[in-house]
Amino acid sequence: MTDALLEDGVEQFLDRCCSLREARVVEADESGHAAADLWKKVHASGFADALVPEERDGAGLQLASIGPIAFGCGRHALPLPLTQTMVARAALAEMDVRPPEGAIAISVAASIDSGSLTCPAVPYGLTAEWVLVPLNCGDTLLPTRAAQRTRSGGHGSLAADLYWASIPSDSIQLQKPVERIDWLSIAAALVAAQMSGAMERVTEMTIEYANSRSQFGRPIGKLQAIQQQISVMAEQSYASRSAALLGLASDSWCVHWRRAAVAKSRANDAATVVVATGHAVHGAIGITAEFDLQMFTRRLHDWRGCYGSATYWNERLGQALLDEDVSAVEFALERIRIGSTVVPGSPRP
Amino acid sequence: MIDPLAPAAIPAEDEALRIPVREFVRSYTATMTPERRARSWTGFDAQFSRELARRGWIGLTLPVEFGGAGRSHFARFVVVEELLAAGAPVAAHWIADRQSGPLIAKYGTEAQKRRYLPKICSAEAFFAIGMSEPNAGSDLASVLTRAEPASTGWRLNGRKVWTTHAQQCHFVVVLARTSGTPADRHKGLSQFIVDLTLPGVAVQPIVDLTGDAHFSELVFDDVDLHADALIGQEGSGWEQVTAELAFERSGPERLYSSIALLEHWLAVLRVRGQSGEEPRPEVLALAGRFITHLCALREMSLSVTQLLAQGRSPAVEAALVKDLGTEFEQSLPTLIGEAIASAPEQAVDPALLRTLNYVAQIAPTYSLRGGTREILRGMVARGLGLR
């Protein structure tokens, strides 16, 4: 399937299946029922098995091809962890584990205390039916319906603190891989691509608003001060998209941490500018619950804060750069980009 | 809207140029100090350019029949990237290779191609850009330099300024008015190839704030030009200049202007690390930040190169990448300067300090040359559907 075909398919599907009105309903429903209903429609589309090999009835795509899906999830503010579920299902398929029906969120911060388990601030923790948790005993899928769920983000956020008094018996243990799967990098690369999609949408909305809102007798988009600000936000959004595609550059479902670092760090830097300018141009209307802008800017704020900040990833990259005795240009060209997944330190089970 | 930038990969046959170019350039630049490397763009070294030409690395995108290599823009991308990464002195052949040669190849007559292109490819003809004037900077359409029809061809009068290396180049491509007045804006402009040794041409170097004199003022006082000095169509100068600027703005040179500073800063950090002085976390994060921005910009630059390779003239995309690229280039001296000065009781490597000071002084030019930041953002805004 070509990128353009996939992109059209994703856009049509998400337009049909998940309007922003429906996304608002899911956000407001802490029971998780609305999310489970929406997931049934998403699951029926087959996108969740995009990364599963064809011999296991998936689409057999590589991560490098799913950019349009990840961007689409951001562009439509889909309130479900579709891309995360895609990777989790591919991992399960590779380990010969039958994946459950529900949506799967990724937690990278679990703590165990005398038999109880806490996963704080899990993105999509409120809407996912399962959460994948890297534990010492191996990666484990835990059912969220057995958990005590508390919304952990701001108003409307889908992040939740999850607490299990004991590990539920219907948890699914993934076969322990030889090498640990780098779920943090995977989640960072996926969320960076979603951020890029959301930033595109915020930029488009801002252009539309600037061209239609009149002040001083003309559309504000004719004012040079506004034009220059919107150009800058668009540039940031384009940069984030290019970095996000680099983050997903992989011929499997795994992610190289350095590419994830570039993608997430760049997305975070861009999001600061895009959110600020989007709101500044929209003025007070952009602050209202009714106007759609906040559906994207709230998510961008949430996503900046999960799976590593720019500083976190920058420090790791900086350490690797100084440890390896190559120039910055060689590091960028040959230690990050070259090849697909065969790069030093590439995690592969 | 501007189409999303499609990811691009350098074809293997073009990527294969990297190693031989790198080896040659590294051996040539091995003894250069970092502050000389930082002058890569303004480093005029005709001998170096001829060595490159001898290896076939100049005029890579120009037609084979005129001495070029007939290769794709990706081949040039690889060579240019390696030259700039090493801080090689590229100024002599730079303009001719990047924009004058492609301009002549696209708009020139058969005779003009035969006359200039082989010399460009052998690094015997160096070109300068004759666009800016004392009263025509960002508002390029208001140029006052005029070419009037004369018995032998054209008579040129006027002034150009900020003309890089005019004092050492052989030719300059001049944008002049051939009909109408500045009120006619984009109509009535034409381009001419002017031999800088002609009678009536005066070149006056201008010293810049770093003490270098890389640019000049040009005065044309009744300069008689042959009829074939006109390049392209009379009256099509604006369209041609726009195409030329797309070449000027789209290369990887918009990422690497400060790279010598970054590399030397890293080298100093590594030496300190070896003597047990671990870099502070904020220094690591800064180094990593430069990598994340560089990687994103390079992806974007490759996307623009792909558009060039497809035969398109990606003026808006190039403006977008250039604006971001120069912001990155200018952030290097600011942020590295901050990092260095955050340990006031520590001695600073003298070469690092000299490089920093040169780059910090010259950095404002990055977002002036080839179109100011405000002009580029205006182009992006129009591309986005504003105004």
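Per chain, numbering begins at 1; letters A, B, ... match sequence-line order.
Heavy-atom distances place both the backbone and the side chain of Leu320(B) under 4.5 Å from chain A. Heavy-atom distances place the side chain of Glu204(A), and not its backbone, under 4.5 Å from chain B. Only the side chain of Leu262(B) comes within contact range of chain A, with heavy atoms under 4.5 Å apart. Proximity to chain B is limited to the backbone of Ala261(A), based on heavy atoms less than 4.5 angstrom apart. Only the side chain of Arg22(B) comes within contact range of chain A, with heavy atoms under 4.5 Å apart. For Glu330(A), the part sitting under 4.5 Å from any heavy atom of chain B is the side chain, from C-beta outward, and nothing else. For chain B, the nearby parts of Asp325(A) are the backbone and the side chain; heavy atoms of each come within less than 4.5 Å. Contacts between Ala8(B) and chain A at a heavy-atom distance below 4.5 Å involve the backbone alone (N, CA, C, O). Residue Glu374(B) touches chain A through both its backbone and its side chain, counting heavy-atom pairs closer than 4.5 Å.
Electrostatic pairing of Glu235(A) and Arg373(B) does not count as a salt bridge here, judged by no charged N lying under 4.0 Å from a carboxylate O. No salt bridge links Arg259(A) with Glu299(B); every basic N to acidic carboxylate O contact stays at or beyond 4.0 Å.
Side-chain contact between Leu246(A) and Cys295(B) is present, with heavy atoms from C-beta onward closer than 4.5 Å. Residues Val321(B) and Tyr238(A) are not in side-chain contact: their nearest non-hydrogen atoms beyond the backbone lie 4.5 Å or more apart. Glu324(A) has its side chain out of reach of Arg270(B): every pair of non-hydrogen atoms, C-beta onward, lies at least 4.5 Å apart.
Thr292(B) places no side-chain N or O within 3.5 Å of a backbone atom of Val262(A) that could act as its donor or acceptor partner. The main-chain N or O of Val329(A) is never found under 3.5 Å from a side-chain atom of Tyr256(B) such that the two would form a donor-acceptor pair.
Chain B forms more heavy-atom pairs under 4.5 Å with one residue of Leu245(A), Val232(A), Leu317(A), Leu322(A) than with any other, namely Leu322(A). Highest contact tally toward chain B, considering only Ala263(A), Ala239(A), Ala243(A), is held by Ala239(A) [criterion: heavy-atom pairs under 4.5 Å]. The most heavy-atom pairs under 4.5 Å with chain A, out of Pro281(B), Ala85(B), Ala6(B), Ser303(B), come from Pro281(B). Across Gln319(A), Lys222(A), Glu200(A), the residue that shares the most heavy-atom pairs under 4.5 angstrom with chain B is Gln319(A).
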Yes or no on salt bridge (charged side-chain N to carboxylate O under 4.0 Å, His left out) for Arg289(B) and Glu315(A), after CA distance, side-chain angles and deciding distance? CA-CA 8 Å; Arg289(B) 179 186 188 277; Glu315(A) 270 185 38; over 6 Å; no

Under the side-chain contact (heavy atoms from CB on, under 4.5 Å) criterion, do Leu302(B) and Arg337(A) qualify, and how do the steps go? CA-CA 12 Å; Leu302(B) 283 170; Arg337(A) 190 182 206 270; 3.8 Å; yes

Tell me, with the steps shown, if Arg18(B) and Leu333(A) meet side-chain contact (heavy atoms from CB on, under 4.5 Å). CA-CA 11 Å; Arg18(B) 191 178 298 282; Leu333(A) 264 58; 3.2 Å; yes

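Contact detail for Asn211(A) and Gly385(B): the closest heavy-atom pair is ND2-O, 3.0 Å. Across all their heavy atoms, Gln227(A) and Ala381(B) have their closest contact at CB-CB, 3.8 Å. Here the closest heavy-atom approach between residue Arg241(A) and residue Pro4(B) is recorded as NE-CB, 3.4 Å. Closest of all the heavy-atom pairs between Ile207(A) and Leu384(B) is CG2-O, 3.6 Å.
The 12-atom threshold is exceeded at CD of Glu13(B), counting heavy atoms of other residues, nucleotides or ligands nearer than 6.0 Å. For Glu338(B), the CD atom is loosely surrounded, since the number of other residues' heavy atoms within 6.0 Å does not exceed 12. Counted within 6.0 Å of NE2 on His301(A), heavy atoms from surrounding residues, nucleotides or ligands total 12 or fewer; the atom is thus considered open.
Atom CZ of Arg298(B) sits about 12.5 Å away from atom OG of Ser242(A), to the nearest 0.5 Å. Within the model, atoms CD of Glu282(B) and CG of Asn314(A) stand 13.0 Å from one another, a figure rounded to the nearest 0.5 Å. How far NE2 of His264(B) is from OG of Ser327(A): 14.5 Å, rounded to the nearest 0.5 Å. If you take CZ on Arg316(A) and CD1 on Ile291(B), they are separated by 15.0 Å, rounding to the nearest 0.5 Å. The OG1 atom of Thr311(A) lies 11.5 Å from the CG atom of Leu284(B); values are rounded to the nearest 0.5 Å. Going from atom CG of Leu386(B) over to atom CD of Glu208(A) covers 11.5 Å, rounded to the nearest 0.5 Å.
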